[in-house]
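Worksheet for the structure shown next.
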Amino acid sequence: MINPTKSTPVVVGSGLAGLTVARALAPQRCILVTPDDLTGGAASMWAQGGIAAAIGDDDSPELHAVDTRRAGADLGDTDTIARMTAAAPDVVRRLHALGVPFDVSAGQALDLALEGGHSRRRIAHAGDRSGAAITRTVAEHVATLDSVEVRTGLNARRLVLDADGRIAGLVLRDASGTEEGIDTDRVVLATGGLGGLFAHTTNPRTALGEGIAMAARVGARTDDLHFVQFHPTALDVGLDPMPLLTEALRGAGAVLLADGVRFVDELQPRDVVAAAVWEQAQAGRRVMLDARDVPQVAARFPAVAALVQSAGLDLALDRLPVAPAVHYAMGGVTVDARSRTSVPGLWAVGEVARTGLHGGNRLASNSLLEAVVSGEAAAADLTGDSWRAGGDVPQADRSGLRAAAGRPTPPLREVRDILQRGCGVLRTAHDLRAAVDVLDEWTHDDAAYVGWLIARAALADPRSIGAHRRVDTRAAGSAA
Ligand SMILES: Cc1cc2nc3c(=O)[nH]c(=O)nc-3n(C[C@H](O)[C@H](O)[C@H](O)COP(=O)(O)OP(=O)(O)OC[C@H]3O[C@@H](n4cnc5c(N)ncnc54)[C@H](O)[C@@H]3O)c2cc1C
């Protein structure tokens, strides 16, 4: 057990990003706070496809960077993309060396899968349970470290600043509602995404953007919040969250049919495929994913086969009803190359962060990579003292600052419906304005506050670009 001091960093969240920070910090001490056990509640555990890295003989980090940039509608940050894609092969090698059971081909080279938007086979995977294999391996390693004090059953609620606007502590809440404070001058947010704020999502229900709310309430800059990725093929059988039918199925040859007819190149980037699926559904056609001709599909995709079976369908025999669902947040708390936010003493890593890797749309399997690279960058920075001088992220536009007050909170169900209606696959100013107006009344509540920030960002961007599709402004010279 660590005897914490004010200079003991606190890492909030134990998905791949938070675990990476704790692992890379060792032997420097840290406290790792998580509402669940070390892997529970983390989207990292749910990743099916794998982690992208230019490992193949026909591949290079430069090609990976080109694909990443193109998928992101050229809105990504060039330096970040170059840094992360260059780091990827070594990240995968080190994870493999740590014990991640990546699939290997006959010659003992890593078996690399193809996913949409990638011009090469570059997805290192462990069957179709890649996220669980990677996250468990790292979690098992972290559990052996004396330097990490894991504190389970705790939700972070608020950040505390000192008079100079620097991090001074963190307020945590346990399941009974009891709050306690930790004094610390360093907090790393690793709280994951925000898909649970939408009625149709593939994310854990607990992915409510709480890290974004905490950071924004103390004035941290956020960017790109309206770039929310919709996965085109969530299984549409009334489950919440919606089971994901991995992109790798389409990479292996599964096709999309609307009333029995193919309507899109299935391996285009997700925003393109999601919009095509949505438009077919809006036109009243039933969209199905047909994986029946994929050789040995159930054996190759056992996790998906089990998900499909639990919905009473058979991956090898049935066409599967699909619809787009919120899957990933490209935006978040803005960070620099060291994962520093605009608030001294606050870092953000993984999906809660806006690193600049994804631009307007994430390339498949780039987020586990981002979790590791941004987590390691934060750990390296936390061990020094230079962070006290501040980072490269400009100050926030403070018009988004709202205090959390003790008023009654709106039902989460209502917030989810509002966001689903207002900030869906295809957006209009009318719907966005309606969402902003309703949520504006509720910004004392964290879920509504993050929803309001998303809707406000979407309303302010008249372009139709990346995952943000404005159908009302399309005719006025849009980029999509
Ligand atoms: C179904 C699915 C499939 C995916 N497939 C892939 C894939 O194949 N490849 C890929 O690269 N990406 C994939 N992704 C995306 C990827 O899984 C995530 O982007 C990535 O795992 C995020 O890691 P993270 O550590 O930032 O967040 P998470 O893994 O979500 O971890 C967040 C942690 O923060 C905790 N937390 C949240 N709020 C609080 C709070 N207030 N206080 C304390 N703790 C808190 C959570 O409990 C959790 O421990 C997939 C996502 C989903 C949902």
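Order of appearance sets the numbers: ligands from 1, and atoms from 1 within every ligand. Because the structure is a prediction, the values reported are computed rather than measured. Values below: every heavy atom of this structure, side chains too, minus hydrogens, waters and symmetry copies.
Only the side chain of Leu244 comes within contact range of ligand 1, with a heavy atom under 4.0 Å; no backbone atom does. Contacts between Val352 and ligand 1 below 4.0 angstrom, taking non-hydrogen atoms only, are absent altogether. At a heavy-atom distance under 4.0 Å, only side-chain atoms of Arg362, from C-beta outward, approach ligand 1.
The contact set between ligand 1 and Ser365, taken as ligand atoms under 4.0 Å from a residue heavy atom, comprises 7 (C), 8 (O), 9 (N), 10 (C), 11 (O).
The shortest contact between atom 11 (O) of ligand 1 and any protein heavy atom is with Leu368 N, 2.8 Å. Summary of contacts: the protein heavy atom closest to atom 43 (C) of ligand 1 is Val12 CG1, 3.4 Å. Looking only at protein heavy atoms, the nearest one to atom 4 (C) of ligand 1 is Ala47 CA, 3.3 Å.
To the nearest 0.5 Å, atom CG of residue Leu112 and atom CD1 of residue Ile123 are 8.0 Å apart.
The shortest N/O to N/O separation between Trp46 and ligand 1 does not fall below 3.5 Å. Of the N or O atoms in Tyr328, none lie within a sub-3.5 Å distance of an N or O in ligand 1. For ligand 1, the polar-atom distance check finds an N/O of Gly50 within less than 3.5 Å of one of the ligand's N/O atoms. Every N/O-N/O distance between His327 and ligand 1 stays at or above 3.5 Å. Between Gly350 and ligand 1, a contact under 3.5 Å exists for no N or O pair. At least one N/O-N/O distance between Glu351 and ligand 1 falls below 3.5 Å.
Which of Ser44, Ala371, Pro243 comes nearest to atom 23 (O) of ligand 1 through a heavy atom is settled by distance: it is Ser44. The option from Gly196, Ala190, Gly211, Ala42 that lies nearest to atom 33 (C) of ligand 1, judged by heavy atoms, is Ala190.
Salt bridge absent: Arg83 and Asp79 never bring a charged side-chain N and a carboxylate O closer than 4.0 Å.
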Side chain to side chain contact (heavy atoms under 4.5 Å, CB included) evaluation trace for Leu419 with Leu439:
CA-CA 9 Å; Leu419 282 179; Leu439 294 170; 4.1 Å; yes
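Taking the ring centre of Trp452 as origin, the terminal cationic atom of Arg402 falls inside the region bounded by 6.0 Å and 45° from the ring axis. With a 6.0 Å cutoff to the six-membered ring centre and a 45° limit on the axis angle, Arg270 does not count as a cation-pi contact of Phe230.
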